Q: 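Right, I'll just put the structure down here and ask away after.
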2 protein chains.
Amino acid sequence: MAKQTNPDFLNGVPELLILQLLARRAMYGYELVRAIEESSGQVLEFGEGCIYPVLHRLESDGDLASRRETVGGRSRVVYRLTASGRKRLVARIAAWRSIVGAVEQVLQGAKHGKPAVS
Amino acid sequence: MAKQTNPDFLNGVPELLILQLLARRAMYGYELVRAIEESSGQVLEFGEGCIYPVLHRLESDGDLASRRETVGGRSRVVYRLTASGRKRLVARIAAWRSIVGAVEQVLQGAKHGKPAVS
DNA sequence: TGCCATACCTTGAACCACGAGGTATACCTC
DNA sequence: GAGGTATACCTCGTGGTTCAAGGTATGGCA
């Protein structure tokens, strides 16, 4: 049995990936959903109900700016990274690498912390 | 001021580390709390309110077995990994590496998924 | 005309880390 | 012997986050 609750290791990962992808080029929500799937080799699949709230929160925090665009009669909301968002991305990546490094350290049974980054 | 909400990347990490540390040797809750801090170089610090519920859940799932021990008048609950828990650890590590690999792939801007593991 | 893909959004539930609080015993100091 | 600190266990409530499901609307295709 052993119910698997939901210890997926995703937490802040959508935000990190959104910031990273938008750092390369401006995109709209629906595009981001599939860009994450494709770019991760179908390993990471976030639904729209997960992506949109993050976009709205990041925008209200000033980390994203949106611009309405109409292509072929279709209305899209295109997001781009602001300067503030770029700083947030750098901080998030640093935090991510710190966590990953620490977990790997435990998994490999290291006894003493090493100052060197990967 | 760009509130930092709580996008720590910890989710299932306590469970993973507990399983890993108990795979090496049996430990009790209070010991685990500080073993995680020390073993991760003070990067990961989980409170007791986070560790104990995980221990109880893992035990009720049959992944841990507990044994009461009295040392110097002090009562401790020592946990050890069961066969089921060992399988869970292997699965959790595989999931962890899969996630980390996928995120790194996106961060490095890979376009096509590669079949090879890291 | 009907169907699917595109494109956006909201809502509700479940889950998890975390802080704060609570109990009890041993050890050390005063 | 009185008081504080460290050990050792536990529970509760809160907040943030993922996620499935549902809802709306338009364009292209058969």
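Keep in mind that this is a model prediction, so the values were computed, not measured. Throughout, protein chains are lettered first and strands after them, A, B, ... in sequence-line order, and every chain is numbered starting at 1.
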Q: Rounded to whole Å, please give me the gap between CG in B:Asp8 and C1' in C:dC16.
A: 12 Å
Q: Could you tell me the separation between the CE atom of B:Met27 and the P atom of D:dA8, rounded to a whole number of Å?
A: 11 Å
Q: According to ring pair (Phe, Tyr, Trp, His ring centres under 6.0 Å), does anything in residues 67-103 of chain B pair up with another residue at least two apart or in another chain? List the pairs.
A: A:Phe9-B:Trp96
Q: Start with the C-alpha distance between A:Glu15 and A:Arg92, add both sets of side-chain angles, then the distance that settles side chain to side chain contact (heavy atoms under 4.5 Å, CB included), and finish with yes or no.
A: CA-CA 9 Å; A:Glu15 177 183 315; A:Arg92 288 286 115 213; 3.5 Å; yes
Q: Please name the residue in the list A:Ile93, A:Leu58, A:Val90 that meets the side-chain contact (heavy atoms from CB on, under 4.5 Å) test with A:Leu19.
A: A:Leu58
Q: Can you pull the ring pair (Phe, Tyr, Trp, His ring centres under 6.0 Å) pairs that have at least one residue in residues 49-75 of chain B, sequence neighbours excluded?
A: none
Q: Round to the nearest Å and state the distance from A:Leu55 atom CG to C:dT10 atom C1'.
A: 14 Å
Q: Quickly work out the A:Leu16 CG to D:dT18 C1' distance and round it to whole Å.
A: 15 Å
Q: Once you round it to whole Å, what is the distance between C1' of D:dG16 and CZ of A:Arg57?
A: 8 Å
Q: Rounding to an integer number of Å, can you tell me how far A:Leu10 CG sits from D:dG16 C1'?
A: 15 Å
Q: Show the nearest heavy-atom pair for residues B:Leu10 and A:Asn11, with the distance to one decimal.
A: O-ND2, 3.3 Å
Q: Got a list of protein N/O to nucleotides 4-7 of chain C N/O distances below 3.5 Å?
A:
from	atom 1	to	atom 2	distance (Å)
C:dA7	OP1	A:Arg76	NE	3.0
C:dA7	OP1	A:Arg76	NH2	2.5
C:dA7	OP2	A:Tyr28	OH	3.1

Q: In whole Å, what is the span from the CG atom of A:Asp61 to the C1' atom of D:dG16?
A: 13 Å
Q: Any side-chain N or O of A:His56 below 4.0 angstrom from OP1/OP2 of C:dC8?
A: no
Q: Any Lys/Arg nitrogen of A:Arg97 or B:Glu104 sitting under 4.0 Å from an Asp/Glu carboxylate oxygen of the other?
A: yes
Q: Measure from CD on A:Glu15 to P on D:dT17 and round the result to the nearest Å.
A: 7 Å
Q: When you match A:Gly73 and A:Val13 each to their closest nucleotide on DNA chain D, which lands nearer the 5' end?
A: A:Val13
